[in-house]
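Notes follow the structure.
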Amino acid sequence: MTERYIGLMSGTSMDGIDAVLVLIEGDELRVEAALSHPWPTARELHELCTPSDNEIDRMGVADNLVAREFATATHALLAKAGLTPADIRAIGSHGQTIRHRPQLGFTLQIGNAALLAALTGIDVIADFRTMDMALGGQGAPLVPAFHQALFAKPGALRVVLNLGGIANISVLPGNAGGVYGFDTGPANTLLDGWYRRHQPDGGNYDASGQWAASGQLIPSLLAKLLAHPYFAAPAPKSTGREMFTLAWLDDELAGSGYAPVDVQRTLQALTCHSIARQLPALDEAQSQPELFVCGGGAHNGPLLAELAALLPRWRLASTAELGLAPDWVEGAAFAWLAMRFIQRQPGNLPAVTGASRPAVLGALYPA
């Protein structure tokens with residue numbers, strides 16, 4: 001059976017909405033069209049990620065805002081592809097995470113799926129994380145099952161690294177039963193936040209990592225940041241901007257007087273070292289493993305160069321080499337998860353999330 005799905009994703013960095021249209025035929029998936037839709041403002045969403053006053057009313061307003069922007073992105077994607085809502089089997093909407101507290105057993109994504117279905121005329125599958133959590137899992141990361149389906153190579157060790165606001169890895173050892181993955185820690189969320197604070201006229205992020213590259217590494221600060229207990233915690237594990245905040249960074253920097261650009265350089269190193277330390281150990285006889293990078297950080301040349309220097313035995317490449325551009329991997333993943341829901345197939349990997357069993361993920365909001 002051949003069907004089209006749309007995946008909608010806005011990640012921890014809140015740098016835009018990824019809308020990806022995929023054609024799925026059997027085990028084959030092909031991206032037919034994709035675009036990034038900018039948020040008119042993400043200030044309200046950023047503010048909802050930390051406890052504050054009047055959260056319920058503000059969340060309700062933001063819930064509808066996210067749905068309307070997701071609908072706008074969907075209509076723009078359909079126009080780009082020359083298709084109509086009737087051509088789409090379903091939308092897989094990740095929504096926008098505003099709180100992720102796996103240690104308390106809950107996660108919260110907003111984006112009023114009922115409103116999104118009404119505005120687009122397309123069935124919406126949303127709320128992908130809560131069933132996994134109901135079964136004792138972390139609710140994240142969910143993409144390793146997708147990475148296994150599309151990118152695994154029998155008999156070869158491959159790791160897919162997503163460099164979004166938070167970095168996560170999917171370890172594909174060449175046999176489906178051995179797949180695992182987890183969030184390694186902060187990637188763009190701290191880099192972007194620190195950049196916006198100190199370069200307010202320079203845009204929302206450090207384009208191509210050039211500001212960080214102009215700074216000097218602070219080894220003592222790097223060691224201090226790497227002492228955060230999350231990095232040594234065993235998997236399954238997941239994290240978010242609730243843990244790695246600018247407030248946390250400020251506490252670690254208290255009284256230091258470091259130059260902001262040198263802190264940025266050290267935050268880049270924090271991302272690289274925390275990833276490198278948590279990749280699977282290699283034995284002497286192991287043939288060259290491969291690390292395929294996706295997410296916004298795949299365009300950060302200095303970061304990738306530093307990571308490559310820490311991993312001399314690994315071959316680093318973009319997921320584009322595997323047929324899927326790095327900007328569209330997560331959006332395509334939620335289109336794929338929508339397909340799994342429609343087919344009543346599990347979308348989680350218990351070895352990744354810690355759930356007690358595989359489960360169909362999501363809830364249907366019919367148009």
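The first residue in the sequence is number 1, and the count goes up from there. Values below: every heavy atom of this structure, side chains too, minus hydrogens, waters and symmetry copies.
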Heavy atoms from other residues, nucleotides or ligands near [atom1] of [X] exceed 12 (cutoff 6.0 Å):
X: Q103; atom1: CD; answer: yes
X: M339; atom1: CE; answer: yes
X: D27; atom1: CG; answer: no
X: Q288; atom1: CD; answer: yes

For residues 110-125, which side-chain donor-acceptor pairs fall under 3.5 Å, sequence neighbours excluded?
{"from": "N112", "atom 1": "OD1", "to": "A114", "atom 2": "N", "distance (Å)": "3.3"}
{"from": "N112", "atom 1": "OD1", "to": "L115", "atom 2": "N", "distance (Å)": "3.0"}
{"from": "N112", "atom 1": "ND2", "to": "N64", "atom 2": "OD1", "distance (Å)": "2.8"}
{"from": "T120", "atom 1": "OG1", "to": "L116", "atom 2": "O", "distance (Å)": "2.8"}
{"from": "T120", "atom 1": "OG1", "to": "I122", "atom 2": "N", "distance (Å)": "3.3"}
{"from": "D123", "atom 1": "OD1", "to": "A367", "atom 2": "N", "distance (Å)": "2.9"}

Discussion item. Between R4 and E32 (salt bridge meaning N to carboxylate O under 4.0 Å), is one present in this structure?
Written reply: yes

Using modelled atom types and a 3.5 Å cut-off, is there a donor and acceptor pairing between side-chain atoms of [X] and backbone atoms of [Y]?
X: S214; Y: W211; result: yes
X: Q138; Y: S238; result: yes
X: D87; Y: T84; result: yes
X: S318; Y: E321; result: no
X: D18; Y: W328; result: no
X: R158; Y: F151; result: yes
X: Y195; Y: L190; result: no

With sequence neighbours left out, what residues match [X] under side-chain hydrogen bond (donor to acceptor under 3.5 Å, both in side chains)?
X: D262; result: none
X: T353; result: D132
X: R340; result: none

Discussion item. Applying ring pair (Phe, Tyr, Trp, His ring centres under 6.0 Å), can you list everything that pairs with H100, at least two apart in sequence or on another chain?
Written reply: none

Discussion item. According to ring pair (Phe, Tyr, Trp, His ring centres under 6.0 Å), who are the partners of F70, at least two apart in sequence or on a separate chain?
Written reply: none

Measure across [X] and [Y] and return the closest heavy-atom pair with its distance rounded to 0.1 Å.
X: F231; Y: S274; value: CE2-CB, 3.5 Å
X: W194; Y: P260; value: NE1-O, 2.9 Å
X: I218; Y: T266; value: N-OG1, 3.0 Å
X: E290; Y: R315; value: OE2-NH2, 2.7 Å
X: F182; Y: A235; value: CD2-CB, 3.7 Å

Output every pair passing side chain to side chain donor-acceptor pair (under 3.5 Å) with a member in [range], not counting sequence neighbours, ordered by first then second residue.
range: residues 228-237; value: K237-Q278
range: residues 197-208; value: R197-D250
range: residues 163-186; value: H147-S170

Item to complete: Would you check if there is a donor-acceptor pair between the side chains of H94 and Q109 at a distance under 3.5 Å?
Response: no

Item to complete: Answer with yes or no whether the side chains of S10 and W39 bring together a donor and an acceptor at under 3.5 Å.
Response: yes

Discussion item. With ring-ring contact (aromatic ring centres under 6.0 Å, His included) as the rule and sequence neighbours excluded, what pairs involving residues 154-179 come up?
Written reply: none

Practice prompt. Take L311 and L307 through the test side chain to side chain contact (heavy atoms under 4.5 Å, CB included) and record every step on the way to the result.
Written response: CA-CA 6 Å; L311 300 168; L307 184 59; 3.8 Å; yes

Discussion item. Just so I know, are the side chains of L83 and L21 near enough to count as touching, which here means a heavy-atom distance under 4.5 Å?
Written reply: yes

Worksheet item: To the nearest 0.5 Å, what is the distance between CE (M133) and CG (N348)?
Response: 12.5 Å

Response to the item:
Contacts of R265 meeting salt bridge (Lys or Arg N to Asp or Glu O under 4.0 Å) (sequence neighbours excluded), chain-then-number -> E306

Worksheet, complete the sentence: For L304, the side-chain contact (heavy atoms from CB on, under 4.5 Å) test, sequence neighbours excluded, returns L163, V293

